[in-house]
Amino acid sequence: MSPDSEVPYIEAIKAALQDAMRADETIVLLGQDISAGFPFGATRGLAQLFGEERVRDTPISEAATMGCGIGAAMTGTRTVVEVDFAGFLLLGLDQLVNNAAKLRYMSGGQLRVPLVVRVGQGPFGSFAAQHSQSQHAWLAAVPGLALCAPSTAQDAYDLLRWALRAGDPVVFAEDMRLYRRRGPLRRAAREGAEHVGESAPPARLSALDVQEDVPRARVARTGRDATAVCYGFGTTIATQAAAELSAQGIELEVLDLRLLSPLDEAAIGESARHTGRVLCLGDDPLLGGITGTLAAAVEERAHGELSAPVARLGARHVPTPFGSREAFVYPSAESIVRAVHRLVAWPAPAQAQELEIEHGELRMAPG
Amino acid sequence: MSPDSEVPYIEAIKAALQDAMRADETIVLLGQDISAGFPFGATRGLAQLFGEERVRDTPISEAATMGCGIGAAMTGTRTVVEVDFAGFLLLGLDQLVNNAAKLRYMSGGQLRVPLVVRVGQGPFGSFAAQHSQSQHAWLAAVPGLALCAPSTAQDAYDLLRWALRAGDPVVFAEDMRLYRRRGPLRRAAREGAEHVGESAPPARLSALDVQEDVPRARVARTGRDATAVCYGFGTTIATQAAAELSAQGIELEVLDLRLLSPLDEAAIGESARHTGRVLCLGDDPLLGGITGTLAAAVEERAHGELSAPVARLGARHVPTPFGSREAFVYPSAESIVRAVHRLVAWPAPAQAQELEIEHGELRMAPG
Amino acid sequence: MSTETSSRVSPLDLYARMALIRRFEQAAYRAYERNEIEGTVHSSIGQEGVAVGVAFGLRESDRMLSHHRGHGHALAKGVDPRRLMAELFGRATGVSSGKGGSMHATDLSCGFLGSLAVVGSSVPLAVGVGLAARRAGEGAVCAVYFGDGAVNQGIVYESINLASIWSLPVLFVCENNSYAITTPAERVTAGEGIAARAATFGVGTLSVDGQDAQAVREATERLADDARAGRPGLLECHTYRFLGHSRSDPAHGTYRAREEVERWHERDPLTLLRLGAGLAAESCEELEHEAQTRIEDALQFARDSPRPSLEDLEKDVWG
Amino acid sequence: MSTETSSRVSPLDLYARMALIRRFEQAAYRAYERNEIEGTVHSSIGQEGVAVGVAFGLRESDRMLSHHRGHGHALAKGVDPRRLMAELFGRATGVSSGKGGSMHATDLSCGFLGSLAVVGSSVPLAVGVGLAARRAGEGAVCAVYFGDGAVNQGIVYESINLASIWSLPVLFVCENNSYAITTPAERVTAGEGIAARAATFGVGTLSVDGQDAQAVREATERLADDARAGRPGLLECHTYRFLGHSRSDPAHGTYRAREEVERWHERDPLTLLRLGAGLAAESCEELEHEAQTRIEDALQFARDSPRPSLEDLEKDVWG
Ligand SMILES: Cc1ncc(C[n+]2csc(CCOP(=O)(O)OP(=O)(O)O)c2C)c(N)n1
Ligand SMILES: Cc1ncc(C[n+]2csc(CCOP(=O)(O)OP(=O)(O)O)c2C)c(N)n1
Ligand SMILES: [Mg+2]
Ligand SMILES: [Mg+2]
C-alpha cells in the first residue's frame, strides 16, 4: 500500500489488525465468520495470513465469546472480539461491563484485560431497530473501559493500533456508515510509530487519572463562528455541513473527539471559548445520551464565554425504523446546517422571543 | 394498614404488588426466590396469597426470564420481573432493550408489552463492584421504556401502581438504600385512585409524545436560593442537606423527578428559573451519566436566567469498591452541602478566579 | 394425533402453500436485487417443507414466533402475501406498517407473533406466550423457530429448561440447514446436536427430514399434542437453504461445494411431495400458476403502497 | 493418572487443608456476625471435600476460577489465609487490596485467578484461560467452579461448547449442594442434571460424592489429564452447605428440613476422611489445632491492617 493511497475505512481497520498481529504474536481474533471476513471484510484474508489458531470463527455465542476473550486477555493473549452490529453487543454486555471493565479494579491491580472489542455502531444497511443503535453514552459511562470512535481511515488505523497496545479494555466503536468511505492511510513503519497525533501526557482527562498516553481530540477543520463537537460519522457530516456553511460565510470549527472515554474536555473547552457557540452532536438519544455529557462539559469549561446556549443534536427518541427511513432518526449534514444557522443568529430578536416562549428550543432532534 | 402509619419503602412496594395483583388477575411475578421473599422481602407472603402460579420462582436464568416476561406480557399476562441487583440486569438487557422496548414499534403497534422490571439500583450492602451500580442514564436512553425512580414509600407505592396500569414496559429502579427507610403510606382505596400527584396531560415530555397520563416531578421542598434536581436516594440526601443548609440560612429547593423517562423538563425549567442556581444529582458517572442530560435540560429551559453555572454531582469514575468504602464513590448529604455552598457563593471573587484557571470547577465528584 | 388438523390437510394444500412461499421468495429476492427492497432478504427457498409442515401441524389458534429467515414461516401460518411483501418494501400497508421490514414482520390476526433478528432471542418469548396461554386456559401452543446457528446461544437452553419445569405448551423448532452464514454447524457445535442436548432437559424430541413436508407435519402434530398436554417438545428439521445467506454470499463456491448444493437440489421439498404423494402434474402447475398470480399481485400492491409518514415513524414508541 | 500430584498427596495433607478451610469459614462467619466483616459471607462449611479434592487433583501450575462461595477454593489452591481474611475485612493487605472483598478475591501468585459474583459468569473466562494456556504451550488446565444454581445460566452451555469444539484444557466443576439460596435444584432444573446435559456437548463427565475428598481428587486427576490432552471435562460433586446461604437465612427450618441437614452432617467430609483413611485421632487434633492457630493469626493480621486509602480507591481503573 503506497503511503498516500486512499483506502476505505474498513480496509484501514484490516490493515491495523494485520500490522498489529504481525508485531504482536499474542493477538488473537474472535468472532463469527471472521475467517471469511463476513460481513464487511474487516478480517478478510487474515486467517490465511495468520492461521485459524489466531483468527477463530466462533459459534453464535456472544456472551461466552466475550468471556473467553477476557479470560485469554487476562492471561497473556491479547484478544480482539468482533461484534458486527451494536444490537448484538447487549448479549456480551455483562461480561464486558462486570468482568472486563472491573477485573483489574476488583483484583487490586493483579489482573489486566488487554481486550479490544470492535463493534459496529449507528444505523447502516436499513436493518431496522434491533441491528441499528448507538451506544456511546452507555459505553463511556463504564469505568474501566476506554471508548474510541474514529472518524477517518487514518484514525481507524492509528486508534486501533493504539488500542492494541493498551493495557486495559478498549471498545472500538466503528460507525458502519464510514466503512466504505475512503481516506488517506499511512501505515506505521514500525510498532508504536503510528500517527496518533498529539498524545496526552499522563493526565487527568475527564474524571479519570490515566497513566498511559491517550490520543487527544483533533480540530478537523478550523472555524471562528461556531464549533461542532463530534466523533465518528458525526465528524463526516459536520465537515460536509462546514463546507456548505463556509460557502455562506459561516466558518464552523469541527472538533473530532476521537475518544469518548477518556474524554478530552480540555480540547472541548478550548474550542468552545474560541468560537463561543457550540453544537454537540451524537447518535444516541438526547435523553440519556452522550450529547448531555458533551454539553455539560462545554458549559463547565467555557462558562461565561459563550455567546449562545449550547445546542445539541442527537437521535430522535424512537427505535430505528426499517429502511432508508432510518435517516430520519439521526443527525445529518442538513440538520447540522440548520442548527448552526440558529446558533450563529442567536440572539436574533424573533428567535429570542421564540425562546422566551419555548425553552429548550436549541435542543434539537434532526429534521 | 392505617392510612398514616409509617412503613418501610420495601413494604410499600409489597403493598403495591399485593393491591395490584388483587385488582388485576392477569399479573404474574417472576424472579429468583420470590416466593420466600428473598433477599429484601418485597414479595414475602405473596405466594401464600396468590399461589405459586402467580408468584413464580425462576431458575437463575435472567435472560430467559426476561424474555418469558415479555412473551407473557405481550399476550395478555401482565408480568413483573424482579432483578435483585443492578449488576444482574445486564444478563437480561438484550431482551429488555431489543425486545421489550422495540416490539410495539417494530410491529407497527400490534404488540404491547405491559412488563414491569423491578431492579435494585445503587450501592447497598457493601457487595462490591459487580452488585453495585446505577443504570439510570442507560435505561432512560432506551426509546420504548419508561423509567421510574421513586424516592419515598408513597411514591414507591403510587408509581408501581401506575406502572402496573401502563400499556408499555416500565423499569422500576429501586434504590436499595431506601428499602429500610420509612415514610407515610396511603394505599389506594380502589384501582386507579392512588395519589400520583399532578399527572401530565398527554403531552410532550422530554423527546417523547406520550398519550398516557404520566406522573410529574414534584417539589419535595421549596427553597429560593438553589435547586437540587434529583431522584431516588438523591432526594433523601438532598432533603437532609436542605435541612442543614436551612439552619445556615440557605434555602435549597428539592425537585424530585420521580421518573427519568419521560423526563419532566418543564418542571426542571420552572424550578431552575425560580432559584437561578441548580445542582444536578445522579448516581451514575459524570461521563455518560444522567447528570449530563439533566444539566443540559436546565441550560435549555432556563438559559439566561441562571445566576451560576449548573453544577453536577455524580459517581466517581471508578467501579464500586468493596465495603463501606462504597460511600466514597457516591454523592452524600455532605457533598451536596459543599456543592450548594459553592453554588450560592458564585461568583465569589476568589472562586471566580479559581474558575478562570480551572474550568469545570463546579463539576464535582463527591468528597 | 390432532385430528382437527390432519383431517383437513391434503397434500395439495401443502403443495399450494409451498408453491406460494417459493414464488414469494423468488419475487422478493429479485426485488431486492433490483434495490426495490432495502435492508436484507434472507431467502427460505429450499426450506419450504419445514415451514408448511410445521404450520399445518399446528392449529389455527396456535401461535408462532420466528427469526431472521421468516417469510416462509409467516406465509405458512397464513399471513397475507400482499401485506408481507409490502412490509419487505417498507410500506405503510405492510403487516408491521413498514417499520419492521423483512426481519420484523408481525401479524397478530393469524397468530404470527413476529420475527426477531437477534439470533436466539425469540426463543424465550415463546415460553412466556405458553405461560400466558396456559393461564388463560387457551390450550394454544406456541411454536418458535431457530436455526442451527442459534443452538449455541445459551438462552435457548434457559428457555427449554423453563418450559420444561413449568410444563408449558411450547414447541421449539430447530431449522437445521447446516450453516450459519458461512459456518458449518459441525465446526461450532460440539457433541450430539440439538435434539440430544434438548432431551437431557426433559423435553420430547424428534428429528425429521425437513424436505418431507408430510413428515414434518406429522411430527409437529405429535409434539404439539404433547405440548398441549403439558410436555413441551423440540423438533429438529434437517434442511438446506438453496441460496446464499443473503445477497453478499453466493449459493456455492466459497463455503459450500457445488456438489453439495446440487445434491440438496435433488431433494427439493416441492418435488418430493409431488412424487411422494403422487400429485398430478397439472394440479401442481395450476397451483403454481395461482401462486404466481398472487405474488405478482402482492408485488404490485407493495409497489403502489405509500411509505410510512414521518409522523408514523414517531408513533408507537411508548404511552 | 497425574503422578505428579497423586504421589505427593497424603490423606493427612487433605485433612490439614480441610481443617484450615473449616476454621477459616467459622472464624469469618463469626467476624461477620460481629460486623467486623461487611457485605456478605457465603460459607463453604460442609463442602470442604470438594475444594480440597479438586485443588489437590490439579497441578500447582494449573489455574482456578471461582464464584460467590469461594473461600474454600482459594485456600485449597494455596491462598494465604492471612491475606484472604484481610480481603474479607476489606483491608489494604488483602489479596485484592481490600477492593474486592469476599466475592472477589484474586491471588495470581498461586494461580487463583479470582472469584466472581454474577452467577455463571466466571465460566467462559476459564475457556479463555484455557485458550491462552494452549497457545503458550503451557499444558496448564483451568478449573472453574459453579453451583447447581448456575446450571440454568445459558452461558455455561455456551462455554462448555466452546471448550469442546476447541479442545481446550478446561475443567468445569459443578458444586451441587442441591440449593440455590432457597430454591431446591430439582424444582428449577429439568431433566437429567448437569452431567447428562454436559455429556451431550461432547465433554467427559464424572459425578462424584463431594463429601469424599479422595474420590473428588481422583476424579479431578482423571478429568484434568484428559483436559490437558485436549478433552475438556465436567465434574459434578454432590455436596451440601451446612449453614444458610448467607446471614439472612437459617441453616434449616424454612426451605430445608432439620432431618435433611442432620443427615448431611453425618457426612461431614472431615469425619469421612478421618474414618475412611484411618487417620489417627491425635494427628487430626494436632492439625486442627495448627489450623486454629493460623486462623487466629489471620484474624489478627486482618484486624491490624489498614483499609485502602481513598487514593487507592481511585487506582487501577484504566490506563
Ligand atoms: C445475536 C446475533 N448474532 C449474530 C447475528 C448475525 N447473524 C444473522 S443470521 C446469522 C446466522 C444464523 O444462522 P442459523 O441460526 O443457522 O439460521 P440460518 O441463517 O441458517 O437460517 C447470524 C450470525 C445475529 N443476527 N444475531
Ligand atoms: C446472575 C446472578 N443472579 C442472581 C444472583 C444472586 N445469587 C447469589 S448466590 C445465588 C445462588 C447460587 O446458587 P448456586 O449456584 O447453587 O451456588 P451456592 O450458593 O449453592 O453455592 C444467587 C441466586 C447472582 N449473584 N448472580
Ligand atoms: Mg443455519
Ligand atoms: Mg447450590
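Here is how names work: the chains are called A, B, and so on, in the same order as the sequence lines, proteins then strands, and each is numbered from 1.
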Nearest non-hydrogen partners of [X] and [Y], listed with the distance:
{"X": "A:Pro59", "Y": "D:Leu162", "value": "CD-CD2, 3.5 Å"}
{"X": "A:Ala63", "Y": "D:Ile155", "value": "CB-CD1, 3.6 Å"}
{"X": "A:Thr75", "Y": "D:Gly128", "value": "OG1-O, 4.4 Å"}
{"X": "A:Ala72", "Y": "D:Ala132", "value": "O-CB, 3.9 Å"}

Measuring from atom [atom1] of [X] to atom [atom2] of [Y], what distance do you get when rounded to the nearest 0.5 angstrom?
{"X": "D:Ser97", "Y": "A:Tyr105", "atom1": "OG", "atom2": "OH", "answer": "10.0 Å"}
{"X": "A:Cys68", "Y": "D:Leu125", "atom1": "SG", "atom2": "CG", "answer": "9.0 Å"}
{"X": "A:Leu111", "Y": "D:Thr106", "atom1": "CG", "atom2": "OG1", "answer": "5.0 Å"}
{"X": "A:Ser107", "Y": "D:Asp107", "atom1": "OG", "atom2": "CG", "answer": "10.5 Å"}

Heavy-atom distance under 4.5 Å to chain A: side chain of [X], backbone, both or neither?
{"X": "D:Leu313", "result": "both"}
{"X": "D:Leu116", "result": "side chain"}
{"X": "D:Leu113", "result": "both"}
{"X": "D:Val118", "result": "side chain"}
{"X": "D:Asn161", "result": "side chain"}

Please identify each residue that fulfils ring-ring contact (aromatic ring centres under 6.0 Å, His included) with D:His42, with sequence neighbours left out.
->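 Residues passing ring-ring contact (aromatic ring centres under 6.0 Å, His included) with D:His42: D:His68, D:His245.
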Chain D contact via [X] - side chain, backbone, both or neither, heavy atoms under 4.5 Å:
{"X": "A:Ile60", "value": "neither"}
{"X": "A:Val28", "value": "side chain"}
{"X": "A:Leu103", "value": "side chain"}
{"X": "A:Gln110", "value": "both"}

For chain A, the option from D:Ser121, D:Ser109, D:Ala136 that forms the most heavy-atom pairs under 4.5 Å =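 Of the options given, most contacts go to D:Ser121.
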Is any side-chain heavy atom of [X] closer than 4.5 Å to a side-chain heavy atom of [Y]?
{"X": "A:Val142", "Y": "D:Trp318", "answer": "no"}
{"X": "A:Met106", "Y": "D:Lys99", "answer": "no"}
{"X": "D:Glu158", "Y": "A:Glu62", "answer": "no"}
{"X": "D:His104", "Y": "A:Lys102", "answer": "no"}
{"X": "D:Pro124", "Y": "A:Met66", "answer": "no"}

Sort by residue number and list every member of residues 31-39 of chain A having a non-hydrogen atom under 4.5 Å from chain D.
->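 Residues qualifying by a heavy atom under 4.5 Å from chain D are absent, so none.
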Using atom types as modelled and distance alone, determine if a side-chain donor or acceptor of A:Asp168 lies under 3.5 Å from a backbone N or O of D:Gly319.
->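 Yes; at least one donor-acceptor contact below 3.5 Å.
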Is it possible for you to check whether A:Arg56 lies under 6.0 Å from the centre of the six-membered ring of D:Trp166, through NZ or CZ, and within 45° of that ring's axis?
->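 Yes, A:Arg56 sits over the ring of D:Trp166.
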What residue in A:Thr79, A:Asn99, A:Thr58, A:Leu30 has the most heavy-atom pairs under 4.5 Å with chain D?
->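 The option with the most such pairs is A:Asn99.
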In terms of heavy-atom contacts, does CD of A:Glu270 have more than 12 from other residues, nucleotides or ligands at under 6.0 Å?
->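 No, because the 6.0 Å sphere around CD of A:Glu270 holds 12 heavy atoms or fewer from other groups.
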